[in-house]
2 protein chains.
Amino acid sequence: MNFCSLCDVRPQSICAEMSEEEIRSISRTMAHHSVKEGHAIATEGEPVTHLNVIVSGTFRLVRMLEDGRRQITGFMFPGDFVGMSRTDSSYTAEALEPSLVCSFAHNFLDQMSEKHPGIKDRLIARGSSELAKAQDHIVLLGKNTAEERVLSFLKLVGRARRGEDRFSPRIYLSMPRQDIADYLGLRMETLSRTFAKLKKTGHLKTVSGRYVELGEAFELAG
Amino acid sequence: MNFCSLCDVRPQSICAEMSEEEIRSISRTMAHHSVKEGHAIATEGEPVTHLNVIVSGTFRLVRMLEDGRRQITGFMFPGDFVGMSRTDSSYTAEALEPSLVCSFAHNFLDQMSEKHPGIKDRLIARGSSELAKAQDHIVLLGKNTAEERVLSFLKLVGRARRGEDRFSPRIYLSMPRQDIADYLGLRMETLSRTFAKLKKTGHLKTVSGRYVELGEAFELAG
DNA sequence: CGCCTAGTTGAACAATATCAAAAATAGTGG
DNA sequence: CCACTATTTTTGATATTGTTCAACTAGGCG
């Protein structure tokens, strides 16, 4: 059976431009991995041999400091790419839940891109959009208060995970509080208090474990 | 006369892999711009038509928030690339001093890359290293104290501008305090106080306007 | 039910921001 | 070269925000 034909993220992936025939041929040789919670598909400092396209699940990108402090530089959702360049990975990418990825050897991509020059353009464009996301994150950390950070974060996951529960004002967080805190540059306690405060101001209706219900004052649009 | 033959940054640029003959032919058609202080070679939200390679000078990458707050997402030095993808620019790039850039139309690059497939690989690799730099910045803003931020910043410009004054413990800052503060996610006053504190701790010997002399306790190596 | 982990809350504290003013520096025209 | 102004940078006093450390609570699971 042809796995690719079921693929939700194909239009956003590098295989979008391939013909049905090519897809079939790839589908046979391709490595589809399922990744267990907590397992890494890339490790900080190690060489990257494969481009991974996330088909389902969520990943966190982790940077460790020498002294054990940890910063999360991003979260990756279905359709996102991990390992776009052969250079050593600048982060560790760990699954937050059982996930599915589609793995392309860079050697294979080089080969493939002779036929489909668009593949490399797509990688360049993806790279730029990753950079733009990183810059959003920089602005968030450099200029925003705790409340602004938490709201931005909720918008981020709200957008990324839309479709699972379309238009629902209820968001499921696939990561523990510590990960959110390490992403937002806050302590877990501050995050907790900020959730509480946002409940008071009507931005959130309920915050219960990993479920957050958005309130009146919250605008997903922004 | 052949301008490219004098180019300091060629080995790091996309023209590194071209033959002498090609360089000559490019050199004739190429746009070498001099950019006045304060002028932009890319504007947030506007489409990018050219890849700019910085030949000399310094640029700041600026993001404006709706309310007028400003975040600087990076500084660009000779050898760096601005505008690697055709997508709309995610920042404004402004010259901090009279600068020189070498400008390649993306159309031209596409054409060129048929002959030199390495060009796109180079762009992808550059993109990754930009992303890695952005992630360093994220860690800086998310996890570091004011002192750590200022020290990292000095290391950054120290490395980038080495060569002008090789091994000198004296660093010239091509940007005003406000830009440094907006880069580090601090207020100017805090930056100033942090400089003062670092002088006390022996990390800096003198801080006078745009010149900073490093002290004993400062390790450029890290 | 009791234990374990994840998350929340409280009170004191530290770091950075804010606002105001002083000092240093860079330009400008005589 | 100097005096004068405008701008940038530093310093001071105080307010705010987020951190720290400790205790407490809520769920999940044997």
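By convention in this document, chain letters (A, B, ...) are assigned in the order of the sequence lines, proteins followed by strands, and residues within each chain are numbered from 1. Computed over heavy atoms, backbone and side chain alike; hydrogens, waters and symmetry mates excluded.
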Notebook entry, point to check: In whole angstrom, what separates B:R193's CZ from D:dT14's P?
Noted result: 13 Å
Check: Of the options A:D179, A:D80, A:D182, which is the one that meets A:R60 in a salt bridge (Lys or Arg N to Asp or Glu O under 4.0 Å)?
Finding: A:D179
Margin query: Using whole Å, what does the distance between atom P of nucleotide C:dT16 and atom NZ of B:K143 come to?
Written below: 14 Å
Checklist line | Residue met sooner reading DNA chain D from 5', once A:T190 and B:R177 are mapped to nucleotides | finding: B:R177
Item checked: Touch class at under 4.0 angstrom, heavy-atom based, for B:L186 against every strand present -> sugar-phosphate
Note to self: Nearest whole Å is fine: how far is C:dT8 P from A:K197 NZ?
What the structure shows: 15 Å
Check: How about B:H137 and B:Y183: are their ring centres within less than 6.0 Å of each other?
Finding: yes
Next item on the list: Can you tell me the distance, in whole Å, between the CG atom of B:D182 and the P atom of D:dT9?
Entry: 12 Å
Next item on the list: Using whole Å, report how far CD of B:E189 lies from C1' of D:dT8.
Entry: 12 Å
Item checked: Spacing of A:L141 atom CG relative to D:dG18 atom P, expressed in whole Å -> 13 Å
Notebook entry, point to check: Atom NZ of B:K199 to atom P of D:dT10: distance rounded to whole Å?
Noted result: 8 Å
Next item on the list: Tell me which nucleotide among C:dT9, D:dG18, D:dT9 gets nearest to the side chain of A:A146.
Entry: D:dG18
Check: In terms of side-chain heavy atoms, does B:E213 have a donor or acceptor partner in B:T206 at a distance below 3.5 Å?
Finding: yes
Check: Under 30°, 30 to 60°, or over 60°: which ring-plane class applies to B:F75 and B:F77, parallel, tilted or perpendicular?
Finding: tilted
Check: If you check the B:S192 side chain, which of C:dT25, D:dT19, D:dT9 turns out closest?
Finding: D:dT9
Check: Could you state the CG-C1' distance from B:N144 to C:dT16, rounded to the nearest angstrom?
Finding: 15 Å
